[in-house]
Undergrad: 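Below you will find the structure I want to go over with you.
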Number of protein chains: 2
Amino acid sequence: MYPVLLHELHKKVTLSAEQEAAIVSQFVPKKLKKRQFLHQEGDVTQRMSFVEKGAVYSYSTDTHGAQHVVQFGFEGWWIGDLYSFFTQKPSRLNIEVLESCEVLTLTLESHELLLKTIPPYETYMRLLYQNAYVALLNRVENSLGLPAEEIYSRFMEQYPFIFSRVPLHLIASYMGITPVTLSRIRKQAAS
Amino acid sequence: MYPVLLHELHKKVTLSAEQEAAIVSQFVPKKLKKRQFLHQEGDVTQRMSFVEKGAVYSYSTDTHGAQHVVQFGFEGWWIGDLYSFFTQKPSRLNIEVLESCEVLTLTLESHELLLKTIPPYETYMRLLYQNAYVALLNRVENSLGLPAEEIYSRFMEQYPFIFSRVPLHLIASYMGITPVTLSRIRKQAAS
DNA sequence: AAAAAACCTTAACAAATGATAAGGAAATCA
DNA sequence: TGATTTCCTTATCATTTGTTAAGGTTTTTT
C-alpha cells in the first residue's frame, strides 16, 4: 500500500511499524483523470497532496490573464499551495492533472497531529522543506537573469525526463519564456 | 545577549531557560566590517550564519564572469549556502558584508547536536525552512517570466526598506535585470 | 582636503525576446 | 475512421532589454 510514499519516508527517516501505520492512516487517496483539477484558485487549500502515481502541474494567472507554471509534480513529489495551506487563506494557484493520477491527501489537522505525535514525521518534514528550499534556490540561480538559451540548457541537464512527460509550452512557461522562444532555442541547439 | 536571535526563536517556539541556554551556547559570534567576506566560493561552508546586526549579501559568478545576487541578509535573517553546508561540498557562493555586522555562526556538528537534544530546535528549523520555501516561491512567482517593470513594482511593494540599505545595482542583479534597465524603469515610474 | 573609488543616470545602438498569425503534425474525441 | 482540438514550429514585425560608453554625483579612502 502506497509504495512510493513509504519509499520516500524511508529515504529520510526510520520508522517503527506502528509509526508507519499511524502516518499512512492519515492520508486519504484520490484518483484523478487527465485535465481534472486538484485545486482551483480562490479556494483555501484544504489538503496537501503527495503524488503516488501520475503527473500534475500548478499555475497562476496574472492580472493580464497570462498563465505561469509554478511547479510540476511527479511520483514521489508533493504538490499544493503551502502558503494557502498553512495560512488558510485563498490560494492563487490552480493544480491540473497532466497524467491520470493517484494522489494521497493530508489535511492540516492530520499534519499537525502527526507532527505532535510522531517525532520522525517532523524530521521528515524538516528535511523535505530543507531539500525543497535548496532545489528552489537552484531553480532561481539557473533562471533569473540568464539568457533563455542558458535557462534551457541547464533545465535540460537537470530534468531531461520532464521533456518526455510535459508539453513544451508548459515547460516554456515554467522557465519564464514564451513557447515561440523555446522553439527557436531548440532549433539552434539541434544544429 | 543576542536579543535578535532570541526574539526570532521565541517567535516560532517556546523554550525553557535551559533549552535557550543550550542553543545560544552553540553559536560563535563574529564581527565583520563592510566589504569583508563571510564566505568565498570554492570553500566548503563550515558555518551557517545568523545576522544579529548589519547587512550582507550573497552572489555567484557565472561562466562569463557576471555576478548574480542570490540573497540578502539583514538582522534576524539567516545567510549561507545551505547546499554546501549540508552536503559539505564546495560552494559556488560568495558572501560579502554590506553594513558592518555581527553574525552568529553555527557548525554542522552543533546544528545536529541541537536537533538531537532540543526538540523545539528541530521545530524551529522546520518552520524556518517552511517559511523560507514559501518566501522563495513567492520570489519566483514575482519575477520569472514577468516584464522588468512588473518585477520592480512587486519588489518595491514587498521590500521597500531594502532600497534604503542596498545599492541599486545589487537590487537589479537580484531581480535578474541590468542596472541600466532598472534606472530606465525608475525614471518611468517616477513620472 | 584632496584623490580615488563606487554608484547612478543617460544616450545610442545592438541583440534578445515577445506578439501575432498561419500551417501542419500529433493527439484526442466522437 | 473522421473530426476536432491541442501542440509545435516558423516567419514577420514590434518591443523590451542588454551593451557600451560617458558624465556627474556621492561615498570612501588617504
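To find a chain, count down the sequence lines: A is the first, B the second, and so on, and within it residues start at 1. Everything quoted here is computed from the prediction, not taken from an experiment.
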Undergrad: Atom pairs, N/O to N/O, protein against nucleotides 11-18 of chain C, distance under 3.5 Å?
TA:
unit_1, atom_1, unit_2, atom_2, d
C/dT17, OP1, A/Ala148, N, 2.7
C/dG18, OP2, A/Thr178, N, 3.3
C/dG18, OP2, A/Thr178, OG1, 3.2
C/dG18, OP2, A/Thr181, OG1, 2.6
C/dG18, N7, A/Arg184, NH2, 2.8
C/dG18, O6, A/Arg184, NH1, 3.4

Undergrad: Can you list every salt bridge (Lys or Arg N to Asp or Glu O under 4.0 Å) pair that touches residues 165-184 of chain B, not counting sequence neighbours?
TA: B/Glu75-B/Arg165, B/Glu99-B/Arg165
Undergrad: Measure the distance from CD1 on A/Ile151 to P on D/dT17 and round it to the nearest whole Å.
TA: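 It is 14 Å, rounded to the nearest whole Å.
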Undergrad: I need the CG-P distance between B/Leu144 and D/dT17, as an integer number of Å.
TA: 14 Å
Undergrad: Applying side-chain contact (heavy atoms from CB on, under 4.5 Å), can you list everything that pairs with A/Val28, at least two apart in sequence or on another chain?
TA: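 With neighbours one apart ignored, the set is A/Arg47, A/Thr105.
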Undergrad: Please write out the pairs of protein N or O atoms and N or O atoms of nucleotides 26-30 of chain D separated by less than 3.5 Å, giving the distance to one decimal.
TA:
unit_1, atom_1, unit_2, atom_2, d
D/dT28, OP1, B/Lys34, NZ, 3.0

Undergrad: Return the value, rounded to whole Å, for the distance between atom CE of B/Met175 and atom P of D/dT16.
TA: 18 Å
Undergrad: For B/Phe163 and C/dC7, what is the distance between atoms CZ and P respectively, to the nearest whole Å?
TA: 16 Å
Undergrad: Starting from the first five and the last five pairs of the helix from C/dA1-D/dT30 to C/dA30-D/dT1, work out the angle between the resulting helix axes, to 10 degrees.
TA: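 Roughly 60°, once rounded to the nearest ten degrees.
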Undergrad: Between A/Lys33 (NZ) and C/dT28 (P), how many Å, whole number?
TA: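 About 14 Å, once rounded to whole Å.
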Undergrad: OP1 or OP2 of C/dA6 less than 4.0 angstrom from a side-chain nitrogen or oxygen of B/His169, does that happen here?
TA: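 Answer is no, no contact under 4.0 Å.
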Undergrad: Run the side-chain donor-acceptor check on residues 50-57 of chain B: report pairs under 3.5 Å with partners two or more places apart or on a different chain.
TA:
unit_1, atom_1, unit_2, atom_2, d
B/Glu52, OE1, B/Leu5, N, 3.1
B/Glu52, OE2, B/Val4, N, 2.8
B/Tyr57, OH, B/Glu96, OE1, 3.2

Undergrad: Is any side-chain heavy atom of B/Tyr129 less than 4.5 Å from a side-chain heavy atom of B/Leu82?
TA: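 Yes, at least one pair of side-chain atoms sits under 4.5 Å.
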Undergrad: Rounded to the nearest 0.5 Å, what separation is found between the CD atom of A/Gln26 and the OG1 atom of A/Thr107?
TA: 7.0 Å
Undergrad: Looking at every heavy atom in both A/Ile151 and A/Ser143, which two are closest together, and how far apart are they?
TA: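 Reported closest heavy-atom pair: CD1-O, 3.5 Å.
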Undergrad: Whole-Å distance between C/dA25 P and A/Leu168 CG?
TA: 17 Å
Undergrad: Verify whether the ring centers belonging to B/Phe85 and B/His39 lie closer than 6.0 Å.
TA: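 No - the distance between ring centres of B/Phe85 and B/His39 does not fall below the 6.0 Å cut-off.
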Undergrad: Any salt bridge (Lys or Arg N to Asp or Glu O under 4.0 Å) involving residues 7-33 of chain A? Give me the pairs, sequence neighbours left out, ordered by first then second residue.
TA: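 Those involving residues 7-33 of chain A are A/Glu8-A/Lys11.
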Undergrad: With sequence neighbours excluded, what pairs up with A/Pro90 under the side-chain contact (heavy atoms from CB on, under 4.5 Å) test?
TA: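 For A/Pro90, the residues satisfying side-chain contact (heavy atoms from CB on, under 4.5 Å) (neighbours in sequence not counted) are A/Val44.
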Undergrad: Going by number, which of residues 56-67 of chain B have a non-hydrogen atom under 4.0 Å from DNA chain C?
TA: none
Undergrad: To the nearest Å, give me how far apart CZ (A/Arg165) and C1' (D/dC7) are.
TA: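 For the pair A/Arg165 CZ and D/dC7 C1', the rounded distance is 19 Å.
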Undergrad: Could you list the donor-acceptor pairs under 3.5 angstrom formed between side-chain atoms of residues 66-74 of chain B and any protein atom two or more places apart in sequence or on another chain?
TA:
unit_1, atom_1, unit_2, atom_2, d
B/His68, NE2, B/Asp62, OD2, 2.9
B/Gln71, NE2, A/Tyr133, OH, 3.2

Undergrad: Answer with yes or no whether the side chains of A/Ser84 and A/Ser91 bring together a donor and an acceptor at under 3.5 Å.
TA: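 Note: A/Ser91 and A/Ser84 side chains miss the donor-acceptor criterion.
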Undergrad: Of the non-hydrogen atoms in A/Met1 and A/Leu6, which two are nearest, and what is the gap between them?
TA: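 Closest pair (atom of A/Met1, atom of A/Leu6, distance): O-CD1, 3.4 Å.
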Undergrad: Given atom CG of A/Leu98 and atom C1' of C/dA27, what is their separation to the nearest angstrom?
TA: 14 Å
Undergrad: Give every residue pair that meets the salt bridge (Lys or Arg N to Asp or Glu O under 4.0 Å) criterion with at least one member in residues 152-162 of chain A, sequence neighbours excluded.
TA: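 Residue pairs with at least one partner in residues 152-162 of chain A: A/Glu150-A/Arg154.
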Undergrad: Which residues end up grouped with A/Leu127 if you chain together Ile, Leu, Val, Met, Phe, Trp and Tyr wherever their side-chain heavy atoms are less than 4.5 Å apart?
TA: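 None, because no other hydrophobic side chain comes under 4.5 Å of this residue.
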